[in-house]
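Structure first, then comments.
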Amino acid sequence: MHTSVSTAIRESTWAVMAMEAVHLIGLTLLCGPAIILGLGALRSEGLQGLSVSTLSAALLPILRVGLLLMVMSGSLIALSMPFKYYENAAFRWKMVVLVLAVGTTVGLGAMARLETLTSRQRGWQRALALLALVLWLGVGFSGRLIGFL
Amino acid sequence: MKSRRWRRNHTRRGNGRGPEGPSIILEFCQWLYDLPWVVKLEESDNLFPIIESVHVLAIGLMAGTLITVDLRVLGATFRRESVRRIAEALLPYTWAGFALMVATGLPLFAAESVKLINNPAFLVKLVLLALAGANALLFHLTVYRNVDEWSGTGATPLPARLLAGTSVVLWLSVIVAGRLIAVFHTH
């Protein structure tokens, strides 16, 4: 890609480093809340008496800020070396798993806003929570793997 | 697979002095570096990346939950719950993340110890970790002692807010310094 943004980022190691720093700050804001929300929704009594709706109301905004930082910085990093990333199998997997992780988390947030849940819905919520946890871990691992391929 | 390792013979035992002369720290790192399981870990293709991934996720869990508690102290989230309630619900996960971070960080350090002690980003990270620890200790020994007096009201006293804000900045700096280690790495 020969856009000026792409060239500018690639040619400045400091810019890439700054993007990666923002990416990791985003990861921190996303990781903790995602794990706490997942664990809270997985347990039948919530997390230490904090209900799933309380957890999701407080944690989803933090998670969204983290995700926003990660997507913005991640897009710029990928744009700086588009061919490297396009050909990287771990990067492709990461994108697929990321979309699924965001989807399950959005679903989890939507279920948390419901007033009451039937036991069947509660079962779905727990399955979604487990799936979200596994998928977010998958995003993390495939992300780290990009650098090793 | 891209080689992320430096050649072992760069730091072969026997000359006993690095660029900055012999030191007990360097001797210790060399001893650590030459341990059989450390050699195995460093030469393994899969183990090192896996441990490193777990390390990053452990930091994410540790700092992510701690920053969430800090944000509650700052009044930015969970406003309807008391600080004590949020701290008691989330801090066990902070500690779990911390334990996992140390458990994975130590072998990672051992496998690269000889290089890391000359890496400015690593040294900065250690200083920042010490500061973050001291800051947490200060929080618990001072403002958290009478948390029940202020945690329900919503108006957090200034000292508590300052310590919580410092905590957020320090932990994010630890993470950035950790990432910079790779930038200063010599192969």
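Order of the sequence lines sets the chain letters (A, B, ...), proteins ahead of strands, with each chain counted from 1.
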ask   = In Å, rounded to the nearest 0.5 Å, how long is the span from CZ of B:F48 to CG of B:L108?
value = 5.0 Å
task = Measure distances from B:L61 to the heavy atoms of chain A and classify the residue's part below 4.5 Å as side chain, backbone, both or neither.
result = both
key: N-O pairing of B:E81 and B:R72 below 4.0 Å   = no
note = When the 4.5 angstrom heavy-atom criterion is applied to B:F78 and chain A, the contacting part is both
ask   = Under 3.5 Å, side chain of B:N135 to main-chain N/O of B:L163, donor-acceptor pair present?
value = yes
ask   = Using the benzene-type ring in the case of Trp, are the ring centres of B:F122 and B:F184 under 6.0 Å apart?
value = no
message = Given heavy-atom pairs under 4.5 angstrom as the criterion, report whether the side chain, backbone, both or neither of B:L180 touches chain A.
response = side chain
ask   = Would you call the rings of B:F139 and B:W150 parallel, tilted or perpendicular, where under 30° means parallel and over 60° means perpendicular?
value = perpendicular
key: When A:L29, A:L59, A:L137 are compared by non-hydrogen pairs under 4.5 Å with chain B, the top option   = A:L59
query = Is it the backbone or the side chain of B:V56 that comes under 4.5 Å from a heavy atom of chain A, or both, or neither?
reply = both
message = Which atoms of A:I36 are under 4.5 Å from chain B, going by heavy atoms: the side chain, the backbone, both sets, or neither?
response = side chain
ask   = So which part of A:I62 gets closer than 4.5 Å to some heavy atom of chain B, the side chain, the backbone, both or neither?
value = side chain
ask   = Between B:A63, B:A177, B:P92, B:A89, which shows the greatest number of heavy-atom pairs under 4.5 Å with chain A?
value = B:A89
query = Taking the six-membered ring of A:Y86 as reference, does the NZ or CZ atom of A:R92 fall below 6.0 Å from its centre and within a 45° cone about the axis?
reply = yes
message = Would the distance check show the side chain of A:Q121 and the main-chain N or O of A:T118 forming a donor-acceptor pair, the cut-off being under 3.5 Å?
response = yes
query = Given that the side chain runs from C-beta out, which part of A:L55 has a heavy atom under 4.5 Å from chain B: side chain, backbone, both or neither?
reply = both
